[in-house]
Asks: 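Before we start, here is the structure in question, set down as structure tokens.
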Number of protein chains: 2
Amino acid sequence: MPNKKYFKLISESMLFAGLPDEHINALLLISEIRDFEKNQLIFLEGDKGIGFYINVDGRVKIFKLSPEGKEHILHIFGPGEPYGEVPVFSGKTYPANAASIDASRSLFFPRDAVVALLAKNPAIALNMLAVLSMRLRQFTVAVENLSLKEVPGRLAAHLLMLSLEQEKKDRVVLNIPKTLLASLLGTIPETLSRILSRMAAQNLIEVQGRSIRLLDLEGLRLLAETGRLA
Amino acid sequence: MPNKKYFKLISESMLFAGLPDEHINALLLISEIRDFEKNQLIFLEGDKGIGFYINVDGRVKIFKLSPEGKEHILHIFGPGEPYGEVPVFSGKTYPANAASIDASRSLFFPRDAVVALLAKNPAIALNMLAVLSMRLRQFTVAVENLSLKEVPGRLAAHLLMLSLEQEKKDRVVLNIPKTLLASLLGTIPETLSRILSRMAAQNLIEVQGRSIRLLDLEGLRLLAETGRLA
DNA sequence: GCGCCGCATTGACTTAGGTCAAAAAAACAA
DNA sequence: TTGTTTTTTTGACCTAAGTCAATGCGGCGC
């Protein structure tokens, strides 16, 4: 029974972590498996929000397009992370586009079934409230970064965050091409490249392809704080 | 009984609109009145989130401070609007600062009482899920604006939004000083001032103090779309 | 091996928008 | 009114970061 895998995934997802088994099973029952090939569109900004997803395998990006067609990535979601849940409750449309980065698989939860389930189980709703709140908090940080800090500061903050996530504390490995990273930081590949060189020149980091050594943790922290490279 | 006023306010607030009277009364019972003088701090980023507020009179701003102390306003809330609700569910600290703009009054809802109430009434929780989702969507737009559009585009979008909110469709009146508006748009007063002149020179708008005539709706819309002033 | 394609880097150039400083205009209190 | 403070505007200047264009590099299929 491959359901075991999805049971585990749901029970460990941010959205539903900490729920009793019966609730997880109820969720499992209303979900559908959806597979996407590499670079496949999942939903478009403006589409009616008929349900939300939890990513199982691969990575999914949430992005906006500028009038000129330039793509700005808002989030990248890995396994266990939920996406597209906003319009399920507000009853409106998706506020951004979603597409797979790799070949990937998600669980889909149809809106009506979810709403019925939540009405019966307040605990699930409370849990979800907490999750949305967290995401809201992350956005607050994102806005702060975009409006108050310059690119080197954002990059430093990002590297430090990665080094916390990965265990090796003085070496991080990018799991995405630098061009995606640039978009994630709200800049362009050229600028990112120059800033990496600049930071290397100041012995803050050492770049070897996608692997980056953090040479001066203290300096990076300072840079992330003040947002400005000397 | 002045409670009537607060009953109405709660029942018309985004957060609790559409709830039956008994629930509104329950909410009224757990709330406390808090008064603030002009420019008074309400809570600080990092403070423990012991509850949330619904604004009654006056205006409240939510803002972040840059390392150099520059203030960037994330939201301005008027009567009936809830704020500070994020940490109530995430159980963490407030993600930004809050302060009154005018002398103002809010209703305060303590965390524990709210959580207990929601656990009993799933309908209230669903409503709040919708509100948090909406706010999340707003942030998505804010991030988009900050990263994809230039200041003139953001300003045009803001003016058009105001003209929708206020009824007069070709004239908007700022209810905040231009210096606050600058912060709200993620820029500084000098830049805002120059851009207003520039837009006036192109017959897009006509500025008289805080009152702004929108002369060329179509042009403004184009500017908000493309994000670039000719 | 070869050519090809997507990613990454580098250089020359342009510009939006920030800083600093000062003046002008409004708002407000005595 | 008059003086005082806050808001708004203007000018000179500087810098971060974007655009455009060329080149380098690495993997992959054949």
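In what follows, chains are A, B, ... by sequence order, proteins preceding strands, each numbered from 1.
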Asks: Compute the angle between the rotation axes at the two ends of the helix from C/dG1-D/dC30 to C/dA30-D/dT1, each taken over five pairs, rounded to 10 degrees.
Replies: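 Both end axes considered, the difference amounts to 40°.
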Asks: Atom pairs under 3.5 Å, N or O on each side, protein against nucleotides 7-9 of chain C: can you list them with distances?
Replies:
{"residue": "C/dA8", "atom": "OP1", "partner": "A/Lys178", "partner atom": "N", "Å": "3.2"}
{"residue": "C/dA8", "atom": "OP2", "partner": "A/Lys178", "partner atom": "N", "Å": "3.2"}
{"residue": "C/dA8", "atom": "OP2", "partner": "A/Thr179", "partner atom": "N", "Å": "3.0"}
{"residue": "C/dT9", "atom": "OP2", "partner": "A/Ser193", "partner atom": "OG", "Å": "3.4"}
{"residue": "C/dT9", "atom": "O5'", "partner": "A/Ser193", "partner atom": "OG", "Å": "3.2"}

Asks: Any idea which of D/dT19, C/dG17, C/dG18 is nearest the B/Val151 side chain?
Replies: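 When the side chain of B/Val151 is considered, C/dG17 is the closest of D/dT19, C/dG17, C/dG18.
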Asks: Could I get a table of every N or O pair under 3.5 Å where one atom is in the protein and the other is in nucleotides 27-30 of chain C?
Replies:
none

Asks: Quick one: the side chain of B/Arg194 and the base of D/dG11, do they pair up donor-acceptor inside 3.5 Å?
Replies: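 Answer yes: a donor N or O sits under 3.5 Å from an acceptor.
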Asks: Holding to side chain to side chain contact (heavy atoms under 4.5 Å, CB included), I want the full list of residues that pass it with A/Leu174, two or more places apart in sequence or in another chain.
Replies: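 Applying side chain to side chain contact (heavy atoms under 4.5 Å, CB included) to A/Leu174 gives A/Leu162, A/Lys178, A/Leu181, A/Arg210, A/Ile212.
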Asks: For residues 47-62 of chain A, pull every pair meeting salt bridge (Lys or Arg N to Asp or Glu O under 4.0 Å), keeping only residues two or more places apart or in separate chains.
Replies: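 Counting only pairs at least two positions apart or across chains, the salt bridge (Lys or Arg N to Asp or Glu O under 4.0 Å) contacts touching residues 47-62 of chain A are A/Lys5-A/Asp57, A/Arg59-A/Asp102, A/Lys61-A/Glu71.
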Asks: Would you indicate which nucleotide in C/dG17, C/dT19, D/dT19 comes nearest to any side-chain atom of B/Ile188?
Replies: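 The answer is C/dT19.
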Asks: Does the side chain of B/Tyr6 pick up a donor-acceptor pair with the side chain of B/Arg105 at under 3.5 Å?
Replies: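 A donor-acceptor contact under 3.5 Å links the two side chains.
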Asks: Between B/Phe77 and B/Tyr83, how do the two ring planes meet: parallel, tilted or perpendicular, split at 30° and 60°?
Replies: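 B/Phe77 vs B/Tyr83 ring planes: parallel.
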Asks: With under 30° as parallel and over 60° as perpendicular, where do the rings of A/Phe43 and A/Tyr94 fit, or are they tilted in between?
Replies: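 Aromatic pair A/Phe43/A/Tyr94 classed parallel.
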Asks: Listed by chain and number, what are the side chain to side chain contact (heavy atoms under 4.5 Å, CB included) partners of A/Leu41, not counting sequence neighbours?
Replies: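 A/Leu41: side chain to side chain contact (heavy atoms under 4.5 Å, CB included) contacts with A/Leu44, A/Phe63, A/Ala99.
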